[in-house]
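Here's the structure, in structure tokens; my notes come after.
Every number for a ligand or one of its atoms is a count from 1 in the order of the listing.
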Amino acid sequence: MGCAVTRVQRITVLGATGSIGLSTLDVIARHPDRYQVFALSGFSRIDELLALCVRHRPAYAVVPSSDAAVRLREGLAAAGCATEVLEGEGGLCQVAAAGEVDTVMAAIVGAAGLRPTLAAVEAGKKVLLANKEALVMSGALFMDAVRRSGSVLLPIDSEHNAIFQCMPGDYARGLGAVGVRRILLTASGGPFRETPAEALLDVTPEQACAHPNWSMGRKISVDSASMLNKGLELIEACWLFDAKPAQIEVVVHPQSVIHSLVDYVDGSVLAQLGNPDMRTPISNALAWPERIDSGVAPLDLFAIARLDFQAPDEQRFPCLRLARQAAEAGHSAPAVLNAANEVAVDAFLQGRIRFPEIAGMIEQVLDQEPVVPLATLDAVFAADQRARELSREWLRRHGR
Ligand code: NAD
Ligand code: MG
């Protein structure tokens, strides 16, 4: 009847207190005519979650425990905020799949995000995927669920969002069918890009978390420093774009201005550029197929002046090689790689292992754990648990 009015989109932000969650809320707050927050989740920063509830007035907030729920309810009551508090994984899955929700930002870090993210997919939501670990662990099952439910899956990882923007609309027909020769996945190289191998033995968690271009959570910061993040992204790209590992080349590009490229058979190479600010891919996915203001400053090419490219050094960054091997082995190997890495990164952040031992530990766990098919979610979590147990055994064996 007359002019088409787009209904306000209701959004659940899983992992709202994190780096991606906060950037998402920043974009949402710029467009109150388009977006409304339905639910927020937090894990350890309950006071921050309370402040976000007071600011965005969601219908629901989700916390991990009943202690946290009591604290949050008290704060909400004092602030006169009617947000209802839910607990645990059940609460996360509930707000991910609720009938009122249009879009779910999946921004929990690590394996903890898998069930809630899948709940959103199975409920046919528009899913904005930051939680790459979920897809890496359960790739085939995850993509099957996307196809079955008709969920619209949009990548938030800046590289995958860039690739998505450089692909033709019908890329789901297959890379060969749309004339794509290969995908060039860019990597900043992280804070240790030029650090000699011997010096990597003594780097600290603080140095590893001081990324030169991006401000991110601690786990992904360590992953960027070890380049295991690029390995997870390689696996993520294989699933999102139905690519073989051999069709994806990692290119170190220290300025993080080109976020990735697509190479076509006619010699055309399309790239997406922008300032390194996650609000660009978040806005792109939120508004897709439209475009909205993200608050990101325009790119100043004269200030950047030059763009550099290097081949990755798999001697100093063996995690990249391990991830490529896991991608090629398929089945349970990526879930095992991911779980071993989560335990290793945790141990590194606690000062229990040295930086190069992250790769050493992952390699041993991958060697010990046979590659098995993963036909169910239970099988995914069983592989994840076995890998965690082997990783803890590694720590015990090495007296950590
Ligand atoms: P972060 O550590 O800043 O935030 C993580 C969020 O997850 C927090 O809200 C925290 O409360 C929640 N969380 C942590 N453990 C949880 C658990 N066990 N159960 C439930 N919730 C839990 O991390 P981030 O940098 O925002 O990254 C989030 C995800 O996005 C990761 O998968 C990361 O790889 C991906 N990602 C991040 C960036 C970035 O620039 N930060 C870029 C690309 C992809
Ligand atoms: Mg990325």
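Ranking the protein heavy atoms by distance from atom 26 (O) of ligand 1 puts Ile20 N, 2.9 Å first. For atom 6 (C) of ligand 1, the nearest protein heavy atom (residue, atom name, distance) is Ala107 O, 3.6 Å. Looking at atom 23 (O) of ligand 1, its nearest protein heavy atom turns out to be Gly217 CA, 3.9 Å.
Residue Glu133 places at least one N or O, backbone or side chain, under 3.5 Å from an N or O of ligand 1. Checking only distances, Ser41 never comes within under 3.5 Å of ligand 1, N or O to N or O. For ligand 1, the polar-atom distance check against Gly15 finds a nitrogen or oxygen pair separated by under 3.5 Å. Taking distance alone, with nitrogen or oxygen atoms compared against 3.5 Å, Phe43 approaches ligand 1 more closely than that limit. On a distance-only criterion, Gly21 and ligand 1 share no N/O pair closer than 3.5 Å. Considering backbone and side-chain atoms together, Asp157 places no N or O closer than 3.5 Å to any N or O of ligand 1.
The shortest non-hydrogen separation linking Gly274 to Leu299 is C-CD1, 3.8 Å. Between Glu342 and Ala111 the shortest heavy-atom distance is OE2-N, 2.8 Å.
Although no hydrogens or angles enter the test, the distance criterion places a donor-acceptor pair under 3.5 Å between the side chain of Asn131 and the main chain of Gly110.
Ring to ring, Phe355 and Phe192 are close: their centroids are under 6.0 angstrom apart.
Applying the salt bridge (charged side-chain N to carboxylate O under 4.0 Å, His left out) rule to pairs touching residues 273-288 yields Asp26-Arg279, Asp277-Arg279, sequence neighbours excluded.
Of the listed options Ile108, Thr117, Val62, Ile108 places a heavy atom closest to atom 21 (N) of ligand 1.
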Can you list the steps and then say if His160 with Glu233 is a side-chain hydrogen bond (donor to acceptor under 3.5 Å, both in side chains)?
-> CA-CA 8 Å; His160 304 73; Glu233 292 186 356; 4.7 Å; no

Could you check Val343 against Leu395 for side-chain contact (heavy atoms from CB on, under 4.5 Å), going step by step and ending with a plain yes or no?
-> CA-CA 9 Å; Val343 176; Leu395 290 173; 4.1 Å; yes

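Shown are the protein N/O/S atoms under 2.8 Å from the Mg ion (ligand 2), given by residue and atom: Asp157 OD1, Glu159 OE1, Glu233 OE2.
Residue Asn131 approaches ligand 1 through these ligand atoms, each under 4.0 Å from one of its heavy atoms: 32 (O). Each of the following atoms of ligand 1 lies closer than 4.0 Å to a heavy atom of Gly18: 1 (P), 3 (O), 4 (O), 8 (C), 9 (O), 26 (O).
Salt-bridge formation is not detected for the pair Lys219/Asp346: no Lys NZ or Arg NE/NH1/NH2 atom is positioned less than 4.0 Å from an Asp or Glu carboxylate oxygen.
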